[in-house]
Amino acid sequence: MLQKPTYDTDLRKNLILSELTDLYTYRALIFHLIRRNVTSRYKRSVLGVAWTLLDPLITMVVMAIIFSTIYGRSMPAYPVFLLSALIIFNFIQQSSTGAIVDLLNGGWLLGKVYMPRTVFSITSTGANLVNFFYSLIPLVLLVLAYNIPMTPAILFIPIAMLNCILFTLGLGFLFSIFAIFFADMINIHSILMRLLLYLSGTFYVAEDIPERFRPLIELNPIYTLITLFRDPIYFGTLPDPWTIVYSTAWAVGLFILGLIVFLHFHDQIAYRI
């Protein structure tokens, strides 16, 4: 009687645990790829890493000019309010976009050499995390220029960023694995992120939206991620408990869901790219 063939992946009973173990084993490779992504992005560029500072600054200046006529009096230091949201949104958008592009462009390597399948999403997020820290420089300068007092609430920022990283990784896992089956996922992701930008309270406060539409803003997970980061900086206060719990549930839930779905289909990456 013929026996059913057994594949190596069938022996990996716990895919999540195996993947996490492999990520630790290949941590040197991950750090190398993150460094390569950061350096290659600005290779042969005259301004180099300055583009990381200019991108959110230019957007902030344009939006500040437009919306300062609306919020200029009611919201002092409006550029700080705006920039603190833009750098979070840019981090999520650029990291998830990079996860899709890197997997589609480099996924063929998975059929040649062994490496953790999630390495592309992780290195994209890691590289953009480096750029995020560079983006903090103009934000800090604006905080000092507008003389915004720092309160103990600023210590909440690492927790806010942890939620943001988990959410971004989950988003990258889902869209990158679906993109190998449906090329349209690239355009869907682009449209979705553009829609979420206007529903994330980046350049306005949710209280200014008519009450019947306000749930569209407040239930947007990116809005809560921005709130977790912006409130300690701009308002000097901790986000309300509901926002913290809701944002954390989204971040952890999407990360776990994205990882499970990604690992479920990861054996097909090399055959479909």
Side-chain angles (χ1 to χ4, degrees), residues 15-16 18-59 86-139 158 161-162 164-180 183 185-186 189-190 193 254-255 258-259 261-263 265-273:
L15 289 178
I16 294 180
S18 298
E19 186 70 14
L20 294 177
T21 302
D22 289 344
L23 288 173
Y24 179 78
T25 303
Y26 287 83
R27 61 190 182 278
L29 172 64
I30 294 173
F31 290 137
H32 171 74
L33 291 176
I34 290 175
R35 182 173 60 183
R36 188 206 64 177
N37 284 3
V38 173
T39 55
S40 63
R41 179 175 300 183
Y42 305 110
K43 190 176 181 180
R44 293 187 295 272
S45 173
V46 176
L47 295 178
V49 74
W51 283 114
T52 303
L53 311 180
L54 290 174
D55 184 12
L57 273 178
I58 293 174
T59 306
L86 279 175
I87 61 176
I88 289 292
F89 184 85
N90 286 347
F91 169 74
I92 296 173
Q93 181 185 43
Q94 293 170 5
S95 297
S96 54
T97 301
I100 300 172
V101 173
D102 289 350
L103 181 62
L104 292 178
N105 291 340
W108 62 271
L109 285 172
L110 298 177
K112 305 294 182 181
V113 296
Y114 180 80
M115 64 178 69
R117 269 48 178 171
T118 56
V119 70
F120 295 104
S121 294
I122 291 174
T123 53
S124 174
T125 302
N128 282 284
L129 186 60
V130 174
N131 292 330
F132 168 82
F133 286 119
Y134 283 124
S135 299
L136 289 178
I137 296 175
L139 178 60
M161 280 310 302
L162 178 60
C164 191
I165 291 169
L166 290 176
F167 179 87
T168 303
L169 284 172
L171 195 67
F173 291 151
L174 284 176
F175 273 95
S176 60
I177 197 66
F178 287 148
I180 71 169
M185 291 305 298
I186 301 175
H189 173 268
S190 177
M193 295 307 297
L254 187 62
F255 174 77
L259 185 57
V261 172
F262 188 95
L263 294 179
F265 294 106
H266 78 281
D267 287 332
Q268 301 186 41
I269 295 175
Y271 302 102
R272 291 184 174 272
I273 292 181

Test of understanding: with side-chain contact (heavy atoms from CB on, under 4.5 Å), list the residues that count as partners of [X], not counting sequence neighbours.
X	value
S190	R194
V261	L174, I177, F178, L257, F265
L259	I16, T118, F173, F255, L263
T125	F91, S95, I165, T168, L169

Problem - S135 side chain to N131 backbone, donor-acceptor under 3.5 Å - result: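 Yes; at least one donor-acceptor contact below 3.5 Å.
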Problem - Short side-chain to backbone donor-acceptor contact, R35 and H32, under 3.5 Å - result: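 Judged by distance alone, no pair lies under 3.5 Å.
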With side chains defined as the heavy atoms from C-beta onward, is the minimum distance between [X] and [Y] less than 4.5 Å?
X	Y	value
Y24	L20	no
I88	M161	yes
T97	I100	no
F175	S96	no
L166	L254	no
I92	M193	yes

Hey, what do you get for [atom1] ([X]) to [atom2] ([Y]), rounding to the nearest 0.5 Å?
X	Y	atom1	atom2	result
L104	F120	CG	CZ	10.0 Å
M185	I180	CE	CD1	11.5 Å
F89	L86	CZ	CG	9.0 Å

How close do [X] and [Y] get, counting heavy atoms only, and between which atoms?
X	Y	value
S124	D102	CB-OD2, 3.9 Å
S176	A99	CB-O, 3.7 Å
T123	I30	CG2-O, 3.9 Å
N37	A127	CB-CB, 3.7 Å
Q93	H189	O-CE1, 4.1 Å

Problem - Partner set under ring pair (Phe, Tyr, Trp, His ring centres under 6.0 Å) for F167, not counting sequence neighbours - result: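 Not a single residue meets the ring pair (Phe, Tyr, Trp, His ring centres under 6.0 Å) criterion with F167.
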